[in-house]
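Heads up, the thing below is written out as structure tokens.
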Amino acid sequence: MLSKSVAVVDIRSSEITAVVAERGVNNTFIIKSKFTHAYEGYAEGQLLDVRSFEAAIQNVVQSTLSAVNEKVKTFYVSIPGEFLDVVNTDNVITFPSSKKVTRSDVKNLEESSLPKNDKIWRTVAGGRLFFVLSDKRKVINPIGMPTDSLRGRMCFYRCKQSFADCVTNAFHPFSGVTHINLIPSADAEAMYLIAPERRDEYAVLFDFGYISSTFSVVCGNGVAFCESFSLGAGHIAVYLMEAFDIPYDVASALLDKVNLNAKDGSVPEIEIYQDGKLYKFNAQDLKQKVTEGLDAICEAIDECFANFTEKNLDGKPIYITGECVNTIRGAVNHIGNRLEKSINIAAPSVPYYDKPQFSSLFSLIECALKDKESASLFGSFLK
């Protein structure tokens, strides 16, 4: 594999994408190959069809290897929120006298905070939320600062072992691939999409997916809280399917036709032609059902806010991203109004890919490139 490139596999709740990329100029990326394959997805912390999942990975990996003449030895694979457990720790180490904190001190504090693996969860990475010096100052990077004690608020990412096993099994046919690095999507998106100054305190990131969505609270160089729930635009399509007694494909296509920002009565009827048949719907009835579906997602977000008790998040905006942000016109405004929160759309600053549906992919690419450049970033739990 070319020395400057990375190969990534981004796993979303409706499709899997593999990309080979390298860093370009001005924070851009050079995409050398890109392959996507749909599959059954996941919900409630389980793959809906393991065979479909493994087949989709094998499809995009085989296409990638063929495109680059099978020179890829390492793949970076994302861990969706449904298969991620974020463990926060709060430990202190003391020194005989005041001294300047070294990188070794920070590493010792991290290693003493590591959670134990078990049969269900496997620790794959870690991050630093903040540190507190003996004079009570809270800092993001303590290296070089004088203190006689160091308190560290850390986070560690644990991957569900059953998911890791499925990924390993999917790569089994490719003997030339010798390393699989598992990267938490929540961490990759937080570090790439939210500016450091916004993370110095706390920031809220919501990934609006198709079958599953993820709510994260970001702090410093880590994630203080992460919760996924099995709701997304796909569930709104199911709701429409049941409400109007129509095929799922028709219901899914309807999501693109709805405009929640349109004035009542401006478009009395919505038509859609699917599989040789014309379907007609009252625009107001359709709009009402879509907003009901979005309200269920808002209720889940409200519950996530309530479950995070470490910090009062009142007044904090929500950074929203994910492949379904732009699926329904007016959805972002509705979510903001329903939650009474300011909403900021988060997307890659990359030409042609500056849309929220590409956020997880380019966050993964950025994370993989940083790991490659810093000699196994995640293996040492350092950032």
Side-chain angles (χ1 to χ4, degrees), residues 1 5-21 31-85 117 119-125 157-189 207 209-212 214 228 230 232 234 323 358 360-365 367-369 371-372 376 378-379:
M1 181 176 178
S5 300
V6 292
V8 305
V9 177
D10 184 36
I11 298 172
R12 300 296 295 175
S13 60
S14 61
E15 61 184 24
I16 295 174
T17 299
V19 164
V20 172
I31 306 299
K32 297 190 170 183
S33 68
K34 181 175 179 287
F35 300 96
T36 297
H37 198 276
Y39 75 116
E40 294 300 314
Y42 49 78
E44 307 298 339
Q46 300 290 332
L47 293 167
L48 298 179
D49 186 327
V50 172
R51 289 185 179 180
S52 169
F53 172 75
E54 293 182 357
I57 288 184
Q58 289 168 2
N59 179 285
V60 296
V61 169
Q62 182 59 66
S63 297
T64 298
L65 295 176
S66 298
V68 296
N69 296 320
E70 301 193 5
K71 295 178 181 179
V72 183
K73 294 184 178 180
T74 300
F75 273 86
Y76 291 85
V77 180
S78 68
I79 308 169
E82 292 269 1
F83 307 100
L84 189 68
D85 178 42
N117 292 333
K119 293 181 179 180
I120 299 176
W121 299 99
R122 162 186 165 191
T123 304
V124 295
Y157 306 105
R158 302 199 302 171
C159 176
K160 202 168 189 177
Q161 188 62 53
S162 58
F163 174 80
D165 290 342
C166 287
V167 171
T168 300
N169 291 337
F171 275 90
H172 184 71
F174 309 109
S175 58
V177 178
T178 56
H179 294 86
I180 302 170
N181 292 347
L182 296 172
I183 305 294
S185 279
D187 177 85
E189 288 188 357
D207 187 319
Y210 194 73
I211 300 176
S212 175
T214 300
S228 289
S230 299
E323 69 265 34
F358 298 113
S360 63
L361 175 61
F362 281 87
S363 297
L364 179 60
I365 293 171
C367 186
L369 286 167
D371 181 73
K372 187 181 181 70
S376 194
F378 279 88

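Between Ile79 and Ile183 the shortest side-chain heavy-atom distance does not fall below 4.5 Å. For the pair Val19 and Ile31, the minimum side-chain heavy-atom distance is below 4.5 Å. In this structure, the side chains of Arg122 and Leu182 come closer than 4.5 Å at one or more pairs of heavy atoms. The closest side-chain heavy-atom distance from Asn181 to Thr74 is below 4.5 Å. Within the 4.5 Å cutoff, no side-chain heavy atoms of Phe35 are placed close to those of Val61. Side-chain contact between His37 and Ile16: absent, with no pair of heavy atoms (C-beta onward) separated by less than 4.5 Å. The closest side-chain heavy-atom distance from Phe171 to Thr168 is not below 4.5 Å.
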Query raised in the report: Between Gln46 and Lys160, is a side-chain contact (heavy atoms from CB on, under 4.5 Å) present by the stated rule, with each step listed?
Result: CA-CA 10 Å; Gln46 300 290 332; Lys160 202 168 189 177; 3.4 Å; yes
Query raised in the report: What do the steps show when you test Thr17 against Val9 for side-chain contact (heavy atoms from CB on, under 4.5 Å), and what is the final call?
Result: CA-CA 6 Å; Thr17 299; Val9 177; over 6 Å; no
Query raised in the report: Checking side-chain hydrogen bond (donor to acceptor under 3.5 Å, both in side chains) for the pair Asp10/Ser360: CA distance, chi angles, key distance, verdict?
Result: CA-CA 7 Å; Asp10 184 36; Ser360 63; 2.7 Å; yes
Query raised in the report: Which is it for Thr178 and Phe75 under the side-chain contact (heavy atoms from CB on, under 4.5 Å) test, yes or no, and what are the steps along the way?
Result: CA-CA 9 Å; Thr178 56; Phe75 273 86; over 6 Å; no
**Report entry** Trace of the side-chain hydrogen bond (donor to acceptor under 3.5 Å, both in side chains) decision for Ser5 with Lys32
**Finding:** CA-CA 9 Å; Ser5 300; Lys32 297 190 170 183; 3.2 Å; yes
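A donor-acceptor pair under 3.5 Å links the side-chain atoms of Asp49 to the main chain of Arg51, judged by distance alone. No donor-acceptor pair closer than 3.5 Å links the side chain of Thr214 to the backbone N or O of Ser228. Of the possible donor and acceptor atoms, one in the side chain of Asn117 sits under 3.5 Å from a partner among the backbone N and O of Thr123. Under the 3.5 Å distance criterion, the side-chain polar atoms of Asn169 are matched with a main-chain donor or acceptor of Asp165.
Interatomic distance, Leu361 CG to Thr36 OG1, rounded to the nearest 0.5 Å: 8.0 Å. The CG atom of Asp187 lies 12.0 Å from the OG atom of Ser78; values are rounded to the nearest 0.5 Å. For the atom pair CD (Gln62) and CZ (Phe174), the distance works out to 5.0 Å, reported to the nearest 0.5 Å. Rounding to the nearest 0.5 Å places CZ of Arg158 at 4.5 Å from CG of Asp85.
Summarising the geometry of Ser363 relative to Glu189, their closest heavy-atom pair is OG-CA, 3.4 Å, with the distance given to 0.1 Å. Here the closest heavy-atom approach between residue Glu82 and residue Ser212 is recorded as OE2-OG, 2.7 Å. Contact detail for Ile11 and Pro80: the closest heavy-atom pair is O-CG, 3.6 Å. When all heavy atoms of Phe53 and Val167 are compared, the pair lying nearest together is CZ-CG2, 3.9 Å. The minimum heavy-atom distance linking Ala188 with Leu364 is given by the pair CB-N, 4.3 Å.
You'll find the ring centres of Tyr157 and Phe83 outside the 6.0 Å limit.
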Indicate every side-chain donor-acceptor pair of residues 38-45 with a distance under 3.5 Å to a residue at least two apart or in another chain.
from  : atom 1 : to    : atom 2 : distance (Å)
Tyr39 : OH     : Arg12 : O      : 2.6
Tyr42 : OH     : Ser13 : N      : 3.4

